[in-house]
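What follows is a single structure, written as structure tokens, with notes after it.
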Amino acid sequence: MSTPAAPVPAALGALADQPRVRDLLAGAVTEGRLSHAYLFVGPPGSGKHEAAEALAQCVVCPSGGDGTCDECRRVAHRTHADVRWLEPGSASGYLVSQVRELIDDAGLAPMRAQAKVYVLERADLLRGTAANALLKTIEEPPAGTLFILCARSVAPMLPTIVSRCQQVSFSVTSPGAGVRAITRACAASEEEARVALAVAGSPARAVDYLRSTSRQQVRRLMVDTLDSLARADAWDVLLAAREIVAAVAVPLKDVQEAQEAALKETQDFLTASALRQVADANKRELTARERSGMMEALAAVRSLLRDVLVRCEGVPQPIVNGDAAAVVDRLAARGDTRAALRALDAVQIAEDSLARNVSPQLTVEVMLLSIKEALEWHPSFR
């Protein structure tokens, strides 16, 4: 007789597109056998970060991850005092100072929950002294502390860190399965789901995207900007880049307000040093969210240009951006396959620039000018 599957906490229900991962984590949560450290490994868009968020909700939620309480909402907004999200402090990887700050913080008692969670994004960029410093803490973690490391591959990681974590592998779901998961989760058409998946990268993020008017407006702005590039001069491109960056920042206002409210609740219990650390962490979080929003905007451009490439190649398949078919046709009519590939290269360069902390404004300006040049349009300067 087969063993019945463990009940799935509501927070982990968001991982429907990764049933093996969902069931593994659900069993660990409901049976009280969570590891002190997990290593989530998989390519971008495979759901690692959604899983980290869901697991963190299960850990700090008094109901075991109901996904709707104040604690769970704070985790989702990344404003929970006991759930810290970290990403590399430099283009080359994590800074030693970041890891030392994490270690000091891990030694403090939780502020709201019974445990603390640390999520390290791009853990494959933990190297040298920073990696060795973290290793000691993972080997002998403070009680009530959970580490979740997210990495694209274990190859560049310190083998001893890998061996101290429970490794969980993620895979990218097929576009068809992703679209079906999105349409099951929200009232979206298949066309809307395809666009959302292309922009957001994973079904869970795509559902969030479809629930955000401001994020959808950013994508619409990117489409309109590409459509108008043929008539744009350098000044127009500068203004367009400024408008795009401002539009990406709109959703961050809610996050900033939530951070300020959370800080106000706890400031009477924190030392001046702790307050500075929280303020610095909040600033880093806003920067990370802005970079994520910019990456999403670039993904919208990449998706549209791939549709242009499909048109230029005469491939008999539906395009993703069906609602912008007229724009795709106009762009394809003005270029060819080689031009479309050069334009896509410009998007890749922009993504690399953002990863190196180049200014979003400058990054978008350069990308738009490069796309305009790639598609062989001749700028007319005023």
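Note that the numbering runs from 1 along the sequence shown for the chain. This one's a predicted model, so the numbers in the text were calculated from it and none came from an experiment.
- With sequence neighbours excluded, the residues satisfying side chain to side chain contact (heavy atoms under 4.5 Å, CB included) with Ala193 are Val179, Ile182, Thr183.
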* To do: Check the pair Asp323, Val223 against side chain to side chain contact (heavy atoms under 4.5 Å, CB included), reporting the backbone distance first and the verdict last.
  => CA-CA 10 Å; Asp323 62 331; Val223 171; over 6 Å; no

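- Checked for salt-bridge contact, Arg291 and Glu121 miss the test: no charged N lies under 4.0 Å from a carboxylate O.
- Side chain of Lys116 to main chain of Ala81: no donor-acceptor pair is present (N/O by atom type, distance under 3.5 Å, no hydrogens or angles).
- Put simply, OG1 on Thr30 and CG on Leu25 are 10.5 Å apart, with the number rounded to the nearest 0.5 Å.
- Going from atom CE of Met157 over to atom CG of Leu39 covers 5.0 Å, rounded to the nearest 0.5 Å.
- With values rounded to the nearest 0.5 angstrom, Thr137 atom OG1 is found 11.5 Å from Asn132 atom CG.
- Atoms CZ and NE2, from Arg112 and His80 in turn, are 5.5 Å apart once rounded to the nearest 0.5 Å.
- For Ile349, the side chain to side chain contact (heavy atoms under 4.5 Å, CB included) partners two or more places apart in sequence, or in a different chain, are Ser353.
- For the atom pair CG (Asp329) and CZ (Arg334), the distance works out to 11.0 Å, reported to the nearest 0.5 Å.
- The ring pair (Phe, Tyr, Trp, His ring centres under 6.0 Å) analysis of residues 300-319, with sequence neighbours excluded, yields no pairs.
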* Test side chain to side chain contact (heavy atoms under 4.5 Å, CB included) applied to Leu309 and Glu313, step by step -> CA-CA 6 Å; Leu309 183 60; Glu313 285 285 276; 4.3 Å; yes

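- For Arg215, the side chain to side chain donor-acceptor pair (under 3.5 Å) partners at least two apart in sequence or on another chain are Glu296.
- Listed by first then second residue, pairs satisfying side chain to side chain donor-acceptor pair (under 3.5 Å) with a partner in residues 144-171 read Glu139-Arg164, not counting sequence neighbours.
- Panel note: side chain Asp307, backbone Val320; a donor-acceptor pair is recorded below 3.5 Å.
- Residues meeting the salt bridge (charged side-chain N to carboxylate O under 4.0 Å, His left out) test with Glu53, sequence neighbours left out: none.
- Residues passing the ring pair (Phe, Tyr, Trp, His ring centres under 6.0 Å) test with Phe40, sequence neighbours excluded: Phe170.
- Here Glu87 does not pair with Arg122 in a salt bridge; the nearest charged N to carboxylate O distance is not below 4.0 Å.
- With sequence neighbours excluded, the residues that form a side chain to side chain contact (heavy atoms under 4.5 Å, CB included) with Arg302 are Ala299, Arg306, Leu344, Val347, Glu351.
- Counting only distance, with no hydrogens or angles, the side chain of Asp82 and the backbone of Met111 share a donor-acceptor pair below 3.5 Å.
- Salt bridge absent: Lys372 and Asp236 never bring a charged side-chain N and a carboxylate O closer than 4.0 Å.
- Taking the side chain to side chain donor-acceptor pair (under 3.5 Å) definition, one finds that Gln216 meets it with nothing, sequence neighbours left out.
- Between the CD1 atom in Ile319 and the CD atom in Glu191 there is a gap of 8.0 Å [rounded to 0.5 Å].
- Tyr94 meets the ring pair (Phe, Tyr, Trp, His ring centres under 6.0 Å) test with no other residue; sequence neighbours excluded.
- A search for side chain to side chain donor-acceptor pair (under 3.5 Å) contacts involving Thr68 returns nothing, not counting sequence neighbours.
- Of the possible polar contacts, one joining the Gln18 side chain to the Ser46 backbone as a donor-acceptor pair under 3.5 Å is found.
- Classification of Arg356 and Asp352 as a salt-bridged pair fails, no side-chain N sitting under 4.0 Å from a carboxylate O.
- The backbone N or O of Glu101 sits nowhere less than 3.5 Å from a side-chain atom of Asp104 that would complete a donor-acceptor pair.
- Among pairs with a residue in residues 106-138, those fulfilling ring pair (Phe, Tyr, Trp, His ring centres under 6.0 Å) read Tyr118-Phe147, at least two apart in sequence or across chains.
- Side-chain atoms of Gln98 never come within 3.5 Å of backbone atoms of Leu86 as a donor-acceptor pair (strictly under, hydrogens ignored).
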